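Here is the structure we will look at.
A note on names: the letters A, B, ... follow the listed sequences, proteins ahead of strands, and every chain is numbered from 1. We use all heavy atoms of the structure for the numbers below, so side chains are in, but hydrogens, waters and symmetry mates are not. No experiment lies behind these values; they were computed from the predicted model shown.
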Amino acid sequence: MRHILSLLLENEAGALSRVAGLFSARGYNIESLTVAPTEDPTLSRMTIVTNGSDEIMEQITKQLNKLVDVVKVFDLNEGRHIERELMLVKVRAEAASREEIKRTVDIFRGRIIDVTDKSYTIELTGPRDKLDAFLEALVHSCILETVRTGASGIGRGEWTLRA
Amino acid sequence: MQLSGAEITIRCLEEEGVEYIFGYPGGAVLFIYDALFQQDKVKHILVRHEQAALHAADAYARASGRPGVALVTSGPGVTNAVTGIATAYMDSIPMVIISGQVPTAAIGLDAFQEVDTVGITRPCVKHNFLVKRIEDLATTLKKAFYVATTGRPGPVLVDIPKDVSQQMAEFVYPASIAMRSYQPEVKADPVQVRNAVEVLLQARRPMVYAGGGVVLGNAAEPLRKLVQALGAPCTTTLMGLGAYPGNDPLYVGMPGMHGTYEANLGMQHCDVLLAVGARFDDRVIGNPQHFSVEGRRIIHIDIDPSSISKRVRVDMPLVGDVGEVLGAMLAQLQISQKRLDSQALTAWWQQIEEWRGRQCLHYEGSSTIIKPQFVVESLYQVTGGEAIVTSDVGQHQMWAAQYYLFNRPRQWLNSGGLGTMGFGLPAAMGAQLAFPDTPVACVTGEASIQMCIQELSTCKQYHLPVKIVNLNNRYLGMVRQWQQILHGNRYSESYMDALPDFVKLAESYGHVGLRIERPEDVEPALREAFSLKNRVVFLDFQTDPTENVFPMVKAGKGLTEMLLGAEDL
Ligand SMILES: Cc1ncc(C[n+]2csc(CCOP(=O)(O)OP(=O)(O)O)c2C)c(N)n1
């Protein structure tokens, strides 16, 4: 099953490689991983999307907790949560197709952030499925480049993950 | 007062009460060696290869319970040390390794003797640090000792660039340290402890399975009390030998691949298994599918939550310091009204005695050729069971584990997790430094001993009178045994040709060498060796090259599928 793990870790050189190294050394999957400093510059927040059985998820969580740079680990699947991902897509947009693409972007509430006479660059945010659905809605051959950040996640309501 | 980074490093070691540092100099650590030269509190032991520095420091820690400290230079110094670091990591040994690094300005430029030390060692340390600013040096070393010695212990490496060791700074050693991301203190939940004792007391066939965690956690005493209060059989793993007295009637020997018949069948057929500081290693439980038994309940005490339910699902985890949890269980046992069903326990012991009656460690003696088992038995007799025994890896290691009865923790030092050939001799040096008045024997094979043989020179320099018990079977014996049993007798590259004359070799280093060829000479030779209190003695026993280690559970098989002797092949 797919899980979204939220981590707080020391904003230290090498902390990212400890986490990434753990996943590769123990053969765990990483679907995506994002990391950036928080409002407290000594802390980074990381979101890892992974998958595995309950046993594997238990091991992943425990092994992450064991890393000396990791302050907190939480499996967002354990509660209600929100997941968002940012995608940038460059598409071929010429003559007749321009209108069609523009309509699709509007339907998905995306934005066209750069335009040439042959292309659009589109920005779209949402949960993973929405981004997938948008790509499917485009005529495949018109996609020139896609850049996705991987998911960031946060719990719903007043609950917070803090050091 | 302003001190150089090098001086600060040494002062930190002093503050930590470090007695010995095992190392080898080089360009990146010259300032640190200069600081060492100008003081006399921390004694440096110059090894002949960095791997040995790590093993010696590691064994010093295993024997004494205090953290081991090693010092190596950048580049090849570090890469040579990696085997030793990984060895300590696999067995959770508290160590601090200080490595030199090229100057900060040169990092990343492929400088002379530069390697990414933090990157190379990351998967085999508990934690590591690169100190980029001299202001951080003392705190980092404090953290290193703290992390290495608390929680589940392990090696911690501190990489110090040359310029940092040269710069000056105010020296302040923090009295204590707190790290928000590292909270090793965990206390087992009293309710869970109570429940566990309840389940234990309901057992009809209880079994205690103790591992290296009992040794590391200094918990042999509460373990003994608990086992004896229960009257339950107790087995200790290769890493746990000595955690429970080896000659106690409740002791059933070691479990696992070369474990005893009674320990393995007991593990499999008990109805409540109390695992204490043990991790259900593949060499201990064999095939996990086969190991899992309907209806058997497992209680698992461990300080590391990630050890719980890693290979085997456990029913009752008790996460916490092993000694504290055992103490809490004992207290609970005292106030509980219940006792084990004595009839059931008697029946269980009858069963165990029947298994014990198979005498699985019996071997055919010989009057013409030296049996390796006989050498270890004689070693036990001659040393009165009091020696600290180190070993390498192979058949000799298993025979030492099977035939020397260890009565106290920290008496048996071996590389159980990584299985590192070359560990034995440097380990004996570290143990001898920790206990100058205790006899130290290194039980080894002619192949393993050659992996760190250069340390005979270190023994000479520091007067470390270790006794080397070389079970010389002219084979990579354990490899040959697997080839015989699993690969159709095809002895591929497992014969040790062109061996040196070990007697002459020992003599060339200024030691005593003895070559023993006949069974009747075994005991006298050992007596002679141990009477030479101030000398290193290399005992080269010419042993039966065809002997195999039994019992044996083939890799991937279940614990009950044991081969008990040549007749089972
Ligand atoms: C560094 C290292 N290389 C290879 C091995 C694999 N190995 C395990 S036992 C063994 C043979 C050891 O031979 P010897 O030291 O003579 O001991 P014996 O088994 O004959 O008692 C080998 C090669 C190992 N454990 N460590």
Query raised in the report: Heavy-atom count around A/Arg2 CZ within 6.0 Å, excluding the residue itself: above 12?
Result: yes

Query - Greater than 12 external heavy atoms within 6.0 Å of B/Arg311's CZ - result: yes

Between [X] and chain A, which part of the residue has a heavy atom less than 4.5 Å away: side chain, backbone, both or neither?
X	result
B/Arg122	side chain
B/Ile308	both
B/Asp304	side chain

Query raised in the report: Would you say B/Ser181's side chain and A/Val68's backbone share a donor-acceptor pair under 3.5 angstrom?
Result: yes

In [range], which residues are in contact with chain B at a heavy-atom separation under 4.5 Å?
range	answer
residues 81-107 of chain A	none
residues 116-131 of chain A	none
residues 34-67 of chain A	A/Asp40, A/Thr42, A/Leu43, A/Glu55, A/Glu58, A/Gln59, A/Lys62, A/Gln63, A/Lys66, A/Leu67

Query - For B/Ser92, side-chain hydrogen bond (donor to acceptor under 3.5 Å, both in side chains) partners two or more places apart - result: B/Arg152

Report summary line: Scored by heavy-atom pairs under 4.5 Å with chain B, the best of A/Glu12, A/Lys72, A/Glu10, A/Arg18 is A/Arg18

